[in-house]
Amino acid sequence: MENVNLTPKEIVNKHFKPKMRGYDPADVDEFLDKVIQDYETFTKENQRLQMENDRLVSKVDELTKQIAVGKSGQAARPTSNVNNMDILKRLSNLERRVFGAQLNDDNGQNSRF
């Protein structure tokens with residue numbers, strides 16, 4: 001942002017030297033009052049927009065980090081899913097052997113063990 005040369009207070013406190021055939025001081029003061037009001041409105045809006053911009057930049061940074069974490073988590077998931085499937089298959093086979101033998105014994109059938 002470019003630097004602002006005048007503040008509302010500097011505009012209010014500005015005094016002009018009178019000269020012959022100069023402008024009507026009342027007209028100049030009235031116009032400067034309008035300029036000051038607009039300038040104050042501009043300054044407040046500029047500050048509000050700067051705060052909003054800062055908030056949005058923070059939000060973008062936060063969401064970018066979440067996306068990065070999500071992508072790295074997704075890359076790791078397929079590998080862990082395959083490993084989990086292998087483990088579940090092994091457990092299932094073991095359960096069939098252990099509990100299948102017990103079920104066969106409970107039904108009066110011979111166990112494979």
Side-chain angles (χ1 to χ4, degrees):
M1 182 176 128
E2 294 182 30
N3 290 334
V4 179
N5 293 320
L6 299 173
T7 66
K9 186 176 181 179
E10 289 173 328
I11 296 170
V12 168
N13 293 330
K14 177 66 178 168
H15 292 283
F16 297 94
K17 297 176 189 174
K19 284 201 168 194
M20 294 291 280
R21 296 183 173 185
Y23 296 104
D24 180 10
D27 285 343
V28 172
D29 287 343
E30 185 179 323
F31 180 77
L32 286 177
D33 287 343
K34 290 178 184 176
V35 170
I36 291 167
Q37 288 174 352
D38 287 349
Y39 205 82
E40 287 174 340
T41 301
F42 163 76
T43 302
K44 288 176 187 176
E45 181 66 7
N46 192 33
Q47 289 172 348
R48 185 191 69 77
L49 291 172
Q50 185 62 48
M51 289 172 52
E52 178 71 4
N53 187 51
D54 292 345
R55 184 187 69 80
L56 292 173
V57 166
S58 294
K59 186 68 174 175
V60 166
D61 289 345
E62 178 184 328
L63 292 173
T64 301
K65 288 176 187 175
Q66 288 177 5
I67 288 171
V69 168
K71 284 183 180 178
S72 66
Q74 287 175 352
R77 284 184 188 145
T79 304
S80 64
N81 284 343
V82 171
N83 291 336
N84 288 343
M85 286 300 290
D86 289 341
I87 292 170
L88 288 173
K89 285 179 183 177
R90 291 177 186 173
L91 283 173
S92 178
N93 288 336
L94 287 172
E95 286 176 342
R96 271 190 243 127
R97 287 183 186 164
V98 171
F99 294 119
Q102 288 178 354
L103 287 175
N104 288 338
D105 287 344
D106 290 343
N107 291 332
Q109 298 176 356
N110 290 337
S111 160
R112 287 189 250 175
F113 295 107

query = Who are the salt bridge (charged side-chain N to carboxylate O under 4.0 Å, His left out) partners of Arg55, not counting sequence neighbours?
reply = Glu52
key: Residue list, side-chain hydrogen bond (donor to acceptor under 3.5 Å, both in side chains) with Asp54, at least two apart or on another chain   = Gln50
task = Answer whether the closest heavy-atom distance between the side chains of Lys65 and Glu62 falls below 4.5 Å.
result = no
List the atom pairs, donor and acceptor, that lie under 3.5 Å between side-chain atoms in residues 29-42 and the rest of the protein, sequence neighbours left out.
from  : atom 1 : to    : atom 2 : distance (Å)
Tyr39 : OH     : Leu6  : O      : 2.1
Thr41 : OG1    : Gln37 : O      : 2.9

key: Side-chain heavy-atom pair Val57, Asn53 within 4.5 angstrom cut-off   = yes
ask   = Checking Gln47 side chain against Lys44 main chain: does a donor-acceptor pair fall under 3.5 Å?
value = no
